[in-house]
Amino acid sequence: MEKPVHRERFERPASPATGPRRVLRDLSGASVAGGIVGLVFSASGPIAVILSAGTHGGLSSAQLASWVFGVFFLNGILTAIASWVYRQPLAFFWTIPGTVVVGASLNHLSWPEILGAFVVTALLILAIGLTGWVRTIMAALPMPIVMAMVAGVFLRFGLDLVTATGSDMSVAVPMIAVFAVLSAFPRAGRLVPPILGALAAGALAVAASGRFALDSAGWLAQPMLQTPEFSWRAITELVVPLAITVLVVQNGQGTAVLKQAGHNPPTNVAAVLCGLWSLPAAAVGAVSTCLTGPTNALLVASTERSRQYTAGIVCGLGAIVVGLFAPAFVSFMLATPPAFIAVLGGLAMLRALQGAFVTAFSTNFTLGALLAFLVTVSGVNPLNINSAFWGLLAGVLVSLALERQHFNPRNP
């Protein structure tokens with residue numbers, strides 16, 4: 001009689017964490033470049049989302065600087081440690097759609113009330129993670145539908161690349177040309193990774209155009225310990241949407257991207273870590289931690305799979321530095337033209353976007369995948385919940401109704 005397979009609730013690393021010498025041996029120019037690009041992406045466009053939401057909500061510069069410190073310094077520590085222990089890139093940053101939701105709520109909720117919702121959200125995510133159900137739920141979702149949702153989220157990076165090329169050719173064309181040349185000649189690409197070459201070309205183009213407008217700012221971050229205020233109004237409005245964006249939307253993207261690249265991310269452990277790390281983040285005024293999708297997609301595109309964890313470590317260590325020097329770094333990144341960030345992110349995400357489309361529409365669940373993609377791209381957000389969640393839900397429901405045969409375990 002065959003014995004039942006025992007599955008642990010919380011995933012353990014496949015092998016013990018490697019020592020510093022092994023990490024240095026696995027480190028390469030490509031993985032360093034991948035870690036830097038992942039960090040640059042996280043410290044550019046997503047930072048602008050925080051600044052926009054906080055500014056419109058009336059937060060002071062000190063509160064914004066503390067928020068930026070929390071999402072980089074604290075999550076950078078988690079990213080570096082998790083990538084090292086699990087020997088795979090595990091980039092933890094913050095929920096971008098959750099930040100958008102918070103920005104809308106700042107119009108009628110006080111900042112202490114929102115901090116109270118952050119604390120309750122962290123406890124809810126931690127409790128759900130401790131049940132061990134997250135991995136089971138994610139495993140039950142059809143991968144084509146999940147990747148169609150991911151493709152819908154990533155699509156804007158490709159569109160921004162095209163738009164930026166048309167609107168700012170002096171910056172975009174040199175970056176694209178260098179990227180194409182280094183990609184076409186593998187020997188040159190091994191010496192200078194294409195995305196790093198594009199970054200350098202873009203920096204030179206911006207400097208030559210004289211459009212580098214750096215504002216004066218302080219250097220060191222000064223995190224503020226802030227007291228939350230618990231109100232049913234804020235808890236009812238924010239906790240469930242924030243928890244969904246972390247566990248389903250953001251962690252779902254991150255898990256799907258890592259699985260697509262051949263990794264086995266610790267889904268349950270990641271949920272627990274997101275809950276734990278969101279507590280100190282809330283204390284300094286930062287939104288909930290998540291296993292990010294776009295940044296992990298950049299890290300897995302950096303080098304061969306066995307070395308991609310070093311890109312995660314580089315990204316995490318860089319994030320710690322960004323957190324410590326948050327005011328100066330944010331000012332530096334926002335001093336570049338928008339086209340520089342748009343082209344850099346678009347070029348870096350091309351392969352990830354291609355892989356998402358191939359997985360979504362090459363096998364089964366194609367109708368459900370199409371609905372998931374369309375709803376995600378539409379940007380609808382009923383109940384203040386991001387469209388990616390509704391896209392995933394719509395895709396699964398459509399496939400259950402019209403593509404039920406694909407759920408047959410004999411027809412994976």
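Below, each value reflects all heavy atoms present in this structure, side chains not excepted, and no hydrogens, waters or symmetry copies.
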Subject >> Atom pair CG/OG1 of Asp160 and Thr165 - distance to nearest 0.5 Å >> reply: 10.5 Å
**OP:** Measure from the side-chain N and O atoms of Gln308 to the backbone N and O of Leu299, and report whether any donor-acceptor pair falls under 3.5 Å.
**Re:** no
**OP:** Test Ser399 against Ile145 for side-chain contact (heavy atoms from CB on, under 4.5 Å), laying out the working first.
**Re:** CA-CA 9 Å; Ser399 288; Ile145 295 176; 3.4 Å; yes
Subject >> Spatial distance of atom OG (Ser278) from atom CG (Asn75) [nearest 0.5 Å] >> reply: 7.5 Å
Subject >> Rounded distance (nearest 0.5 Å) linking atom CD1 of Ile320 with atom CZ of Phe69 >> reply: 10.0 Å
Original post:
Is there a side-chain contact between Leu279 and Leu123 (heavy atoms, below 4.5 Å)?
Top reply: yes
Original post:
Do Glu403 side-chain atoms and Thr366 backbone N/O form a donor-acceptor pair below 3.5 Å?
Top reply: yes
Original post:
Do the side chains of Thr245 and Phe389 get nearer than 4.5 Å, heavy atoms only?
Top reply: no
Subject >> From Leu392 atom CG to Thr376 atom OG1, the distance as rounded to the nearest 0.5 Å >> reply: 7.5 Å
Subject >> Residue Arg305 excluded, over 12 heavy atoms near CZ under 6.0 Å >> reply: no
**OP:** Determine the minimum heavy-atom distance between Met149 and Val248, stating which atoms define it.
**Re:** CE-O, 4.4 Å
Original post:
About how many Å separate CG of Leu258 and CD of Gln253, when rounded to the nearest 0.5 Å?
Top reply: 11.5 Å
**OP:** Look only at the side chain of Ser209 and the backbone of Val206, and say whether a donor-acceptor pair between them is shorter than 3.5 Å.
**Re:** yes
**OP:** Answer whether the closest heavy-atom distance between the side chains of Glu237 and Ser105 falls below 4.5 Å.
**Re:** yes
**OP:** Using atom types as modelled and distance alone, determine if a side-chain donor or acceptor of Thr255 lies under 3.5 Å from a backbone N or O of Gly252.
**Re:** no
Original post:
Under 6.0 Å from the CZ atom of Phe230, do we count more than 12 heavy atoms belonging to anything else shown?
Top reply: yes
**OP:** Starting at OG1 of Thr289, measure out to CG of Leu74 and round the result to the nearest 0.5 Å.
**Re:** 7.5 Å
Original post:
Side-chain contact, heavy-atom cut-off 4.5 Å: Ile128 with Trp133?
Top reply: no
**OP:** Would you check if Val85 and Ile81 make a side-chain contact, meaning some heavy-atom pair closer than 4.5 Å?
**Re:** yes
Subject >> Ser42 versus Phe72, closest heavy-atom pair with distance >> reply: O-CZ, 3.5 Å
Subject >> side-chain contact (heavy atoms from CB on, under 4.5 Å), paired with Val246, selected from Leu291, Asn251, Val287 >> reply: Asn251
**OP:** Keeping the roles fixed (side chain from Asn268, backbone from Arg135), state whether a donor-acceptor pair exists under 3.5 Å.
**Re:** yes
Original post:
If only atom types and distance count, is the side chain of Thr121 paired as donor or acceptor with the main-chain N or O of Ala243 below 3.5 Å?
Top reply: no
**OP:** Report yes if the distance between the aromatic ring centroids of Trp111 and Trp67 is under 6.0 Å, otherwise no.
**Re:** yes
Subject >> Side-chain heavy-atom pair Tyr86, Asn264 within 4.5 angstrom cut-off >> reply: no
Original post:
Do the non-hydrogen side-chain atoms of Leu238 and Leu109 ever get within less than 4.5 Å of each other?
Top reply: yes
Original post:
Is it true that a side-chain atom of Asp168 and a backbone atom of Ala164 form a donor plus acceptor pair closer than 3.5 Å?
Top reply: no
Subject >> Side-chain donor/acceptor of Ser31 to backbone N/O of Leu27, under 3.5 Å >> reply: no
Original post:
Any side-chain heavy atom of Val343 within less than 4.5 Å of one from Val171?
Top reply: no
Subject >> Side chain Ser66, main chain Gln63, donor-acceptor under 3.5 Å >> reply: no
